[in-house]
Amino acid sequence: MFRRREPVPFAFLAEADRFRSNVTPPSRERATAGQIAGRWLMGLTIVAALVGSLVIGMPALELDHSAGHPQQSQASEGR
């Protein structure tokens, strides 16, 4: 009687590495000038937003060294 080398559920694995498709995927369409300009504009907008938020937020991150002594609250002065 004929005997298989592998069980039936795994028979497709033996053929999988020998199989080659003769169907080629479609070629990728080139982007139009408008799409390229849109991508550049979107990237420029994101970079400008990041730089703008950094410029606006920098004064809040700076320490105030204009006062010669550390600030004290009224409660710490004993009033």
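It should be emphasised that the depicted structure is a prediction, and the values quoted were computed from it without experimental measurement.
The hydrophobic cluster analysis finds I56 isolated: no Ile, Leu, Val, Met, Phe, Trp or Tyr side chain comes under 4.5 Å of it, directly or through other members.
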Listed pairs under 3.5 Å, donor-acceptor, residues 25-44 side chains, sequence neighbours left out:
unit_1 : atom_1 : unit_2 : atom_2 : d
T32    : OG1    : Q35    : N      : 3.3
Q35    : OE1    : T32    : N      : 3.0

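With sequence neighbours excluded, the residues forming a side-chain contact (heavy atoms from CB on, under 4.5 Å) with V51 are V47, V55, listed by chain and number.
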